[in-house]
Number of protein chains: 2
Amino acid sequence: MQKQETLSKNQKIILDLIEKSDQPLKAYSILFDVKKKGINAPLQVYRALNKLVKIGKIHKIESRNAFIACKNSKCQIAKATVFSICESCEDVTEIHDHKLSEHLRDFKDNKGMKYNKYNLEFFGLCKKCI
Amino acid sequence: MQKQETLSKNQKIILDLIEKSDQPLKAYSILFDVKKKGINAPLQVYRALNKLVKIGKIHKIESRNAFIACKNSKCQIAKATVFSICESCEDVTEIHDHKLSEHLRDFKDNKGMKYNKYNLEFFGLCKKCI
DNA sequence: CTTAAATATGTTATATTATTACACAGCGTT
DNA sequence: AACGCTGTGTAATAATATAACATATTTAAG
Ligand SMILES: [Zn+2]
Ligand SMILES: [Zn+2]
Ligand SMILES: [Zn+2]
Ligand SMILES: [Zn+2]
C-alpha cells in the first residue's frame, strides 16, 4: 500500500479499472472505459500501463496483449510471473507456486546468462471447459 | 525431415528464410524479404507462420512478436517452449533443459486445470552484454 | 474417375496494438 | 532561477494482425 499513494491521477484511474476486473483487460478496451474520466488517447493509457507494470501493480499477459491486476500484496514479483490460461474461455489466473518459483529462480543455463526476470504461461482447459 | 516434404510453396519460402536466421524475425520484415519471391501481402505471411508454428517448425517469441526456427530435430515440443532473451542485444536462444522440462510438464495447479502447452521466457543479460 | 472436403492461394480492405514527436505543467533540488 | 524528473495532452503514424471474398490445388471417399 505504500507505493499506491504515489500514483498519478491517470495511473490511479486505470489501476482501479483493472483491479475491478478479475480478468485481463486490453488497452483499447481500457481506453474506451476511461473516456468518461477524461482520458482520451491511447498514449495516456499505455503510459499508465507501462508504469503500473513496472511497479508490479499489474502484469501483461504477453500471449494475449492484455493486462491483469496482481493480487499478491507482497508482489516484488513483477519480475517472476506465472499464469494459467484457458484456451476455451480465456480465463486467466496468476499462479503462485513456491516449488515452481524456486526451480525457476534457481535455473541456470549453460551460457552464463544473468537472468533478472521470467514469464511463464500455461495453456489448457479449465475445469468448466474440459 | 518427414513433415518438411508436405509444406506448401509459401510455407517453404518462409521457413527457409527463418531457418537461415539464428535470431527471431518479425512478420513484416519477413514480408519485405519475400516480396522478391512473389509473396505480396501480410496475410500470406501470417498464414504460413501460423501453420509453421502449429507443426513446430518455428516458435513465436510472444514478448517480441517475432518468430524463430526450432533447431530441435525431435521437436514435438511446439507445446513446451523455453527461451532466454537478452534485454540488451535482444539475442534469443531456445533452451532445452531436461530437469526444467520435467518440472514444467509435471506441474499441477490446485484448480484442476488440464494443461497441454506452456511457454516460458527468461529475460536478462547475455555474457556479451553483462 | 468423379465428387466432396480440406488445405492453400491471392487480393483488398480493415482492425488492433503500440509508439513518435511536440508542447507544456508540476515538483523537488541545487 | 535553473535544472532534472515525472507526468499530462494531443495529433499523427507505425507496427502487428485479421476479416471477407474469390479461386485453386490436393486429398480421400464413393
Ligand atoms: Zn503478481
Ligand atoms: Zn475455460
Ligand atoms: Zn523448439
Ligand atoms: Zn546481449
Side-chain angles (χ1 to χ4, degrees), chain A residues 2-18 21 23-68 85 87 90 92 119 121, chain B residues 2-18 21 23-68 85 87 90 92 119 121:
Chain A
Q2 70 279 40
K3 277 254 172 177
Q4 179 85 337
E5 262 58 42
T6 81
L7 291 180
S8 75
K9 176 176 139 281
N10 288 1
Q11 290 159 10
K12 268 182 216 143
I13 291 170
I14 285 170
L15 178 57
D16 277 357
L17 182 67
I18 297 175
S21 167
Q23 286 303 302
L25 298 179
K26 306 206 137 210
Y28 277 74
S29 117
I30 291 168
L31 175 57
F32 180 85
D33 287 344
V34 297
K35 280 209 161 143
K36 58 194 87 148
K37 304 232 177 188
I39 295 178
N40 298 299
L43 188 48
Q44 295 176 289
V45 173
Y46 280 106
R47 284 197 283 224
L49 289 174
N50 290 342
K51 178 65 185 289
L52 293 168
V53 165
K54 205 170 169 187
I55 65 177
K57 289 292 181 187
I58 65 174
H59 303 303
K60 180 171 186 181
I61 311 299
E62 292 287 356
S63 66
R64 298 299 186 262
N65 300 315
F67 300 85
I68 194 168
I85 302 170
E87 289 184 301
E90 291 293 323
V92 173
N119 178 56
E121 298 180 4
Chain B
Q2 69 280 43
K3 277 249 169 175
Q4 179 85 336
E5 262 58 42
T6 81
L7 291 180
S8 76
K9 177 176 138 281
N10 288 1
Q11 290 160 8
K12 268 181 216 145
I13 290 170
I14 285 170
L15 178 57
D16 278 356
L17 182 67
I18 297 175
S21 167
Q23 286 304 300
L25 297 179
K26 306 205 136 213
Y28 276 73
S29 116
I30 291 169
L31 175 57
F32 179 86
D33 287 344
V34 297
K35 280 210 161 140
K36 59 193 88 154
K37 303 232 178 187
I39 295 176
N40 298 300
L43 190 47
Q44 294 175 289
V45 173
Y46 280 105
R47 283 197 283 224
L49 289 174
N50 290 343
K51 179 65 185 289
L52 293 169
V53 166
K54 205 171 170 187
I55 64 177
K57 289 291 181 187
I58 65 175
H59 303 303
K60 181 172 186 181
I61 312 299
E62 291 288 355
S63 66
R64 298 300 186 261
N65 300 315
F67 300 84
I68 194 169
I85 302 170
E87 289 183 302
E90 291 294 321
V92 173
N119 178 56
E121 298 180 4

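Keep in mind the model is a prediction, meaning the values are calculated, not measured. To find a chain, count down the sequence lines: A is the first, B the second, and so on, and within it residues start at 1.
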Summarise how protein sits on nucleotides 8-19 of chain C as a single string, 5' to 3': B when a protein heavy atom is under 4.0 Å from the base, S for sugar-phosphate-only contact, - for no contact.
SBBBB----BBB
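- With a cutoff of under 4.0 Å to any heavy atom of chain A, the contacted region of DNA chain D is bounded 5' to 3' by D:dG7 to D:dA11.
- For the atom pair CD1 of A:Ile61 and CG of A:Leu25, the computed distance is 11.0 Å after rounding to the nearest 0.5 Å.
- In this structure, CD1 on A:Ile14 lies 10.0 Å from CZ on A:Phe67, to the nearest 0.5 angstrom.
- Remark: side-chain polar atoms of B:Gln11 are not paired, donor with acceptor, to backbone N or O of B:Lys51 under 3.5 angstrom.
- Here the straight-line distance linking atom CD1 of A:Ile58 with atom CD1 of A:Ile18 works out to 4.0 Å at 0.5 Å rounding.
- Here the side chain of A:Asn40 pairs a donor or acceptor atom with the backbone of A:Gly38 at under 3.5 angstrom.
- A:Glu90 places no side-chain N or O within donor-acceptor distance of the main-chain N or O of A:Ile85, the cut-off being under 3.5 Å.
- A donor-acceptor distance shorter than 3.5 angstrom exists from the side chain of A:Gln23 to the backbone of A:Val92, with no hydrogens or angles considered.
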